Peer 1: 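Provided herewith is a single structure, encoded as structure tokens, for subsequent inquiry.
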Amino acid sequence: MLRIVLVDDEREMLEQLHEVLTSEGFEVHLAFDGDSGLKLILDKKPDLAIIDIKMPGLSGLDVLRQVKLINPKQRMAMLTGYHDNEMELEAARRGSIVCLKKPISIIDFMQTIRNFTRDL
Amino acid sequence: MHIDAFGAFVIVLSNFLFWVFTFTERPGQIAKAYFWWSFFITLWALGYGFTLAGFFDYEKTLVWNRCCQAMATLIGPFFFRFACQVVGKSKKYQKVFRIYLCIAIVNAILLLATPLYVKGLWSFGDYRYQPLGGPLYPIFTVIFVGCTVHSYIVVLTNYRHMSGIKQKQVGLFLLATGIAYFGGGTLFLQAYGLQIPTHGVYLILAYVIIIGYSVHKYHFLDMGMAVTKTSIFILLYAFIFGLPLFFLFPARSYLMLYLESSWWILPASLYAVLSLFGPFLYLLFERKVENRLLREQQRYQHTLMEASRGMTLIKKLEHLLNLMVHILTRTIRIEHAVIYLIHEDRKKYFCGASRGIKDRDLKREVSSKDKLIHHLEKYQQPVLTDALLYEGPYAPESEETQLLEELHAMKASVIVPSLVKDKLIGFVNLGRKKSGREFTQADLDTLSILSNQSALAIENCRFILESETQQAQLFQAAKMADLGTMASGIGHQINNRLNVIRIGADRSIMLELRKIKKILEDEGLEEGLKQALTMEDTLRKIADNSARGGEIVRRLLDFSRLSEGFNEVDMVDAIESCVRLWECKRNLTEVHFKKDLAVNLPSVRGNYSQIEEVIFNLLDNAFDAIKMKEEAWGTGELPQPETAPKGTIHLTADDTMRNNKKWFRLRVSDSGLGMSRETQHKLFVPFFTTKATGIKGTGLGLYVIKRMIDAHHGEVTVTSKYGKGTTFTALLPIFTGSSEGVKGS
């Protein structure tokens with residue numbers, strides 16, 4: 001079973017995603033801000049962590065950097081509502097494998113997760 | 001004193017007065033020529049008068065007569081010059097005049113110094129003295145007649161080509177001098193021993209009277225005031241001297257009856273009183289007449305002042321032009337007035353306002369290549385059709401002939417240019433005066449001032465209009481900038497909401513609805529299942545639409561980010577990266593994609609993300625166009641070929657020269673659906689989309705592309721044919737070193 005951590009301050013959205021993904025057979029953990037997200041990722045070591053870039057407190061990019069420092073092998077993907085090329089570039093530089101753009105479709109979302117975890 | 005001597009003295013007196021007043025105004029060329037001619041006539045008349053009057057003894061009278069004959073010799077060449085001047089050909093005949101003058105001067109000297117021309121005096125009838133010609137007197141006659149005949153030839157050959165006021169002037173000139181010379185011609189004969197009376201001297205007076213009339217009526221010699229003042233002077237002083245004279249002679253016996261020996265008191269006191277008041281009376285009359293004569297001019301000036309005051313207050317160009325044609329046709333009373341203004345593109349002058357002209361005669365546009373415009377720009381003076389005609393005739397293909405044709409086509413009597421700093425910003429086409437009078441120099445001056453004044457007012461109007469538009473644009477730009485700064489925040493919020501909607505819809509489809517469907521299926525409730533399927537459809541629509549909403553937000557955000565700095569952009573890098581991105585989005589096996597990048601591609605001065613966006617959008621549109629063509633085949637909108645080939649997309653990048661500047665050129669061609677001409681026109685309008693069923697299009701793509709390329713000071717063009725395909729060409733400025741300066745809008 002694929003283990004996934006989702007970090008976003010949009011609680012409503014995460015809860016909906018959680019429900020669907022769980023029903024589709026994923027093991028899903030949620031965090032609603034950067035700090036708890038960081039802890040969760042380091043703690044659970046998910047197959048894929050998906051983090052919103054823009055969050056109050058620790059931002060997605062900060063979380064990404066810190067996780068990569070401690071655990072460079074951790075697969076990380078970003079989620080953004082901003083569509084900012086610079087930021088995407090920065091995320092890629094820090095080791096994000098993909099940048100998902102809001103609004104996302106659950107089907108695309110699951111497809112992406114499967115694509116990037118195919119080798120597992 | 002012989003009665004004919006009186007005629008000679010009247011000539012002297014009237015001419016003398018005429019000059020005095022001529023020189024109170026600035027005489028023109030013709031007036032000067034006239035002065036010299038009449039000067040010698042006057043001197044001749046003085047001498048001739050003394051000859052006829054018999055005031056002196058034989059010796060003295062002979063000297064007077066020789067003087068008078070010598071002056072008469074000089075009349076010839078000066079008449080020739082006057083005649084040339086009248087028909088405007090004085091330059092051409094300058095040399096001939098000088099030759100005539102030299103011959104005449106030599107003759108005059110010989111005439112004065114020797115008895116060869118006038119050998120003595122004789123008498124017949126009631127003439128006490130008459131000159132008797134010597135052996136060389138015929139030479140004098142020949143010079144005089146020769147000059148006169150040549151003068152008439154010059155005038156008559158030119159008279160045929162004249163028209164309007166000038167023709168009338170020259171006609172009167174011919175009449176006046178004809179009568180005078182006919183009279184003068186009878187005064188030679190006595191010297192040949194013929195006993196003919198010299199009453200012809202009175203006919204010479206005709207020229208003074210007729211020329212005076214033509215000065216008054218047709219502005220001949222340009223000195224209307226001089227004649228009027230002379231007339232007042234003569235009448236007034238005839239009265240002042242004449243009234244006491246009446247008491248002095250005819251009424252003397254009556255006075256003596258009543259006043260006896262002190263009868264002289266009345267004429268003497270009359271003289272005293274009249275000569276005291278004479279100058280004041282003259283000044284009074286002069287002012288009255290001046291007011292009368294200058295009334296028209298004053299009316300103009302008044303109009304001018306009113307108009308210029310009004311004009312600067314008007315801020316709307318249309319109103320201003322209407323006011324001007326109103327002033328011209330109603331106040332200055334001209335048949336028609338048409339105002340032409342320069343078009344922004346500087347290629348033509350268009351009719352801004354007109355009045356009093358028939359529609360079929362109205363010329364709506366005048367090309368700036370027309371002869372008229374060249375003429376106005378060159379001379380910066382009003383063009384008078386009559387004056388041009390008078391200067392003629394011209395060669396059939398000459399500039400003047402073409403100009404005249406243009407003037408006739410426009411029905412113009414006068415064209416007055418409107419100049420601002422020597423720049424022709426427009427002109428006014430004027431018809432004849434309603435009064436039927438001709439345009440005078442004073443009119444033209446006034447009209448020129450009015451026209452230039454209005455040019456300023458027009459510029460003023462245009463400036464106000466421009467600044468208002470600019471203000472509106474600035475305001476709009478400020479609003480857009482505000483919107484831009486808000487956009488990222490708003491966009492984020494909207495995107496999150498859309499995200500929740502989309503995921504919610506997805507979740508409902510995947511979880512709840514799936515369960516409901518299963519239950520309904522198990523229970524065999526067909527009707528419920530149908531409803532569930534409809535609901536699923538609705539939810540999918542919600543999901544899709546929120547996705548499209550997200551797309552629009554994304555474009556808006558891109559758009560609001562237009563104002564980032566400009567730097568050197570490596571185009572190979574930008575193109576490669578776009579193509580990679582695009583390959584992720586589209587399945588490129590569905591089309592033939594080819595890219596040709598020229599070697600040594602120059603860098604572009606620009607914003608990397610914007611350029612990327614442009615390239616990406618162009619490629620994406622090309623792909624859509626191919627898909628739309630395939631759809632059109634499907635719906636039968638386009639006839640499907642037997643073997644449907646794969647669509648091709650061709651990207652080329654190279655550089656090109658344009659306006660002496662090197663540009664980066666990017667072309668994206670596709671073999672897709674193509675566009676009709678109407679669609680091409682609307683292509684860069686925001687929210688316009690051909691993807692009408694609206695699956696993909698936001699209607700912002702090409703607008704954003706255009707804005708981005710505009711911000712780069714580049715150019716984007718499209719060539720397209722419906723059913724064949726489309727090519728977009730973008731030109732972008734080459735990076736030349738400095739990265740400052742150009743900022744986005």
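Below, chains carry the letters A, B, ... as their sequence lines are ordered, and counting in each starts from 1. Since the structure is predicted, the reported quantities are computational estimates derived from the model, not experimental observations.
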Peer 1: Does A/E19 pair with B/K515 as a salt bridge, N-O distance under 4.0 Å?
Peer 2: no

Peer 1: Is it the case that atom CD in B/E590 sees more than 12 heavy atoms from other parts of the structure closer than 6.0 Å?
Peer 2: yes

Peer 1: What residue among B/N495, B/I494, B/D506 forms side-chain contact (heavy atoms from CB on, under 4.5 Å) with A/P103?
Peer 2: B/N495

Peer 1: Taking 4.0 angstrom as the limit, do A/E10 and B/R497 come out as a salt bridge?
Peer 2: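 B/R497 and A/E10: salt-bridged.
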
Peer 1: Within the distance-only criterion (no hydrogens, no angle test), does the side chain of B/N499 pair as donor or acceptor with the backbone N or O of A/K102 below 3.5 angstrom?
Peer 2: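 Checked: no pair found.
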
Peer 1: In terms of heavy-atom proximity below 4.5 Å to chain A, should B/L511 be classed as side chain, backbone, both, or neither?
Peer 2: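 When you check distances to chain A, only side chain atoms of B/L511 fall under 4.5 Å.
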
Peer 1: Side chain from CB out, backbone as N, CA, C, O: work out which of these in A/E15 comes under 4.5 Å of a heavy atom of chain B, or both, or neither.
Peer 2: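 Looking at A/E15, nothing touches chain B.
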
Peer 1: Side chain to side chain contact (heavy atoms under 4.5 Å, CB included) for A/S23 and B/M510? Distances and angles first, verdict last.
Peer 2: CA-CA 9 Å; A/S23 78; B/M510 292 168 84; 5.8 Å; no

Peer 1: Count the heavy atoms belonging to other residues, nucleotides or ligands that lie under 6.0 Å from CZ of A/R11, then report whether that count exceeds 12.
Peer 2: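 Open.
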
Peer 1: Tell me, side chain or backbone of B/Q493 under 4.5 Å from chain A's heavy atoms, or both, or neither?
Peer 2: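 No part of it gets close to chain A.
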
Peer 1: Return the minimal non-hydrogen interatomic distance between B/V500 and A/M13, and the atom names on each side.
Peer 2: CG2-CB, 3.9 Å

Peer 1: When rounded to the nearest 0.5 angstrom, what is the spacing between CD in A/E12 and CD1 in B/I501?
Peer 2: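 The CD1 atom of B/I501 is 9.5 Å from CD of A/E12, to the nearest 0.5 Å.
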
Peer 1: May I ask you to test the A/I106-B/R507 pair for a side-chain heavy-atom distance under 4.5 Å?
Peer 2: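 Answer yes - side chains close enough.
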
